[in-house]
Amino acid sequence: MGIDLNAIEAIDMHTHVLSSVAGHRIAPDSVEAASGEVFGHAMAMTVPELAETYRQRRMLCVTFMVDVMGTENPVTNDEVLRLGAEHGDVIIPFASVDPRRPDAVTEARRLLETYDVKGFKFHPTMQNFYPNDERFYPLYQVIQDSGAITIFHTGQTAIGSGQPGGGGLRLKYSNPIHHDDVAADFPDLKIILAHPSTPWQDEALAVAVHKPNVYIDLSGWSPKYFPPQLVQYANTLLKHKVLFGTDFPAFTPEKWLELFDKLPIKPEVRPLILKENAVALFDGKGL
């Protein structure tokens, strides 16, 4: 099942799979479940369920699980990538490898050799690492060589919110300024800074303007809370580098788009953000 770009209305660059078709689900006391409480949505979507959700909406979606060393994830990379390929008319499957794993490079190579991996998702806050730690550069080299895209969580979102100590998660790892080093050292690696990077929006904008290989997705926050400078740059200097994303199932496409329509985004910029920038981003890897 191939993707018909002419038939789709938008490309959501940031969705999560948190349940397995085998029936495994996230624990009720997990940081993901706490995030769902904030948004009022059950964080329990499987790949086929996600595919049907976006098929009905005439949208494509990038999706992934988040690999965290030392925790048991209810869904695996292999399941996401295998089922994502089966629903290739709407799903763009990414992998996730915790860079702290001793076998991170080997596992990334295995996934790339086994599946059509479009990209890799990293979550510095959950995975407790600084993106510019050179110990992880061999992993980035493998990804750059493959032509795959990277998505890095940045800033503060609802993950861990409401839990004691924020679920033990530390925001310091997700300052987007750390990606300036990565973008400089891997100029052919496409890097997406996920989310409005609260409280470091200016750092994210600076890196994205300065480094041609850095992009920003708008997931994880209601558009009504977007900082004014993010809207200004999306309309101007970064109009070809800002991407639609929801963080679904935490945030639904309908609600996100309803609020996005109220922002002073130029009419000619809206289709760039919702679809055309993502199509251009994937050009080298193919959809």
Side-chain angles (χ1 to χ4, degrees), residues 5 8 10-16 59-64 92-96 117-124 131-132 140 143-144 146-155 157 174-198 200-221 223 226-227 229-248 251 256 260 263 265-266 268-287:
L5 291 174
I8 67 157
I11 300 177
D12 187 338
M13 290 295 298
H14 201 116
T15 73
H16 291 265
M59 293 181 184
L60 304 182
C61 65
V62 167
T63 197
F64 38 75
I92 305 169
F94 275 39
S96 177
V117 182
K118 301 296 187 183
F120 285 80
K121 165 64 186 284
F122 296 101
H123 201 305
N132 59 349
Y140 301 156
I143 298 172
Q144 178 178 260
S146 75
I149 295 166
T150 58
I151 297 177
F152 285 86
H153 171 100
T154 67
T157 63
S174 290
N175 186 329
I177 199 63
H178 303 314
H179 299 87
D180 187 58
D181 289 329
V182 181
D185 293 334
F186 295 90
D188 294 324
L189 179 66
K190 292 179 179 178
I191 299 168
I192 299 172
L193 304 178
H195 318 306
S197 302
T198 302
W200 303 291
Q201 187 63 74
D202 288 336
E203 283 91 334
L205 295 171
V207 176
V209 168
H210 193 256
K211 299 297 188 294
N213 53 326
V214 175
Y215 303 75
I216 292 175
D217 88 31
L218 300 176
S219 67
W221 279 89
F226 285 0
Q229 66 268 41
L230 176 59
V231 176
Q232 178 185 2
Y233 275 66
N235 268 328
T236 55
L237 293 177
L238 293 177
K239 65 182 179 181
H240 294 294
K241 299 181 75 179
V242 173
L243 306 158
F244 165 48
T246 60
D247 222 5
F248 185 83
F251 215 105
W256 193 97
F260 182 70
L263 293 180
I265 299 293
K266 297 176 182 177
E268 65 270 23
V269 172
R270 289 180 183 274
L272 298 178
I273 293 174
L274 294 179
K275 175 181 173 180
E276 294 172 21
N277 289 345
V279 172
L281 177 67
F282 280 108
D283 181 61
K285 186 67 178 172
L287 285 176

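Any value given below was found using the heavy atoms of this structure, including those in side chains, with hydrogens, waters and symmetry copies removed. The first residue of the sequence shown is numbered 1, and numbering continues consecutively from there.
Between H14 and H195, the ring planes are tilted. Angles from 30° to 60° get that label.
The distance from atom CG of L237 to atom CD of Q232, rounded to the nearest 0.5 Å, is 8.0 Å. Distance OG1/T154 to CG/L193: 5.5 Å, rounded to 0.5 Å. In this structure, NE2 on H123 lies 5.5 Å from OG1 on T157, to the nearest 0.5 angstrom. Note: F122 CZ to T150 OG1 = 7.0 Å, rounded to the nearest 0.5 Å. Interatomic distance, L5 CG to E276 CD, rounded to the nearest 0.5 Å: 11.0 Å. Separation of atoms CG (D181) and CZ (F186) is listed at 11.0 Å; rounding is to 0.5 Å.
The backbone N or O of Q144 lies less than 3.5 Å from no partner atom in the side chain of D188, so there is not a single donor-acceptor pair. Between the side chain of E203 and the backbone N or O of P176, no donor-acceptor pair lies under 3.5 Å. The backbone N or O of A278 lies less than 3.5 Å from no partner atom in the side chain of Y215, so there is not a single donor-acceptor pair. For the pair T198 (side chain) and G155 (backbone), a donor-acceptor distance under 3.5 Å is absent. In this structure, D217 contributes its side chain and L243 its backbone to no donor-acceptor pair below 3.5 Å. Checked by atom type and distance alone, the side chain of K275 pairs as donor or acceptor with a backbone atom of I8 at under 3.5 Å.
Looking only at side-chain heavy atoms (C-beta outward), S219 and M13 stay at 4.5 Å or farther from each other.
F244 and W256 have their aromatic ring centers within a separation under 6.0 angstrom.
Exactly one residue among D12, I149, I151, T15 makes a side-chain contact (heavy atoms from CB on, under 4.5 Å) with V62. That residue is I151.
The number of heavy-atom neighbours closer than 6.0 Å to CZ of F260, taken from other residues, nucleotides and ligands shown, is above 12.
Under the rule for a side-chain contact (heavy atoms from CB on, under 4.5 Å), the partners of N213 that lie at least two apart in sequence or sit in another chain are A183, I191, K211. Take K266 and apply the side-chain contact (heavy atoms from CB on, under 4.5 Å) test, not counting sequence neighbours, and it matches N235, T236, E268, V269. By the side-chain contact (heavy atoms from CB on, under 4.5 Å) test, S174 pairs with P124, T125, H153, sequence neighbours left out.
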- prompt: Can you list the steps and then say if L230 with L218 is a side-chain contact (heavy atoms from CB on, under 4.5 Å)?
  reply: CA-CA 9 Å; L230 176 59; L218 300 176; 3.9 Å; yes
field: H16/F64 under ring pair (Phe, Tyr, Trp, His ring centres under 6.0 Å): CA gap, chis, key distance, verdict
entry: CA-CA 5 Å; H16 291 265; F64 38 75; 5.0 Å; yes
- request: Let me see the working for I216 and L205 under side-chain contact (heavy atoms from CB on, under 4.5 Å), right down to the final yes or no.
  value: CA-CA 8 Å; I216 292 175; L205 295 171; 4.0 Å; yes
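Closest of all the heavy-atom pairs between Y140 and P131 is OH-O, 2.8 Å. The two residues G119 and A148 have their closest heavy-atom pair at CA-CB, 3.9 Å. Smallest separation of non-hydrogen atoms from F248 and T246: N-OG1, 2.9 Å. Taking each heavy atom of I273 and A234 in turn, the nearest pair found is CD1-CB, 4.2 Å.
The side-chain tip of K118 does not point at the ring of F94 from less than 6.0 angstrom away and within 45° of straight on.
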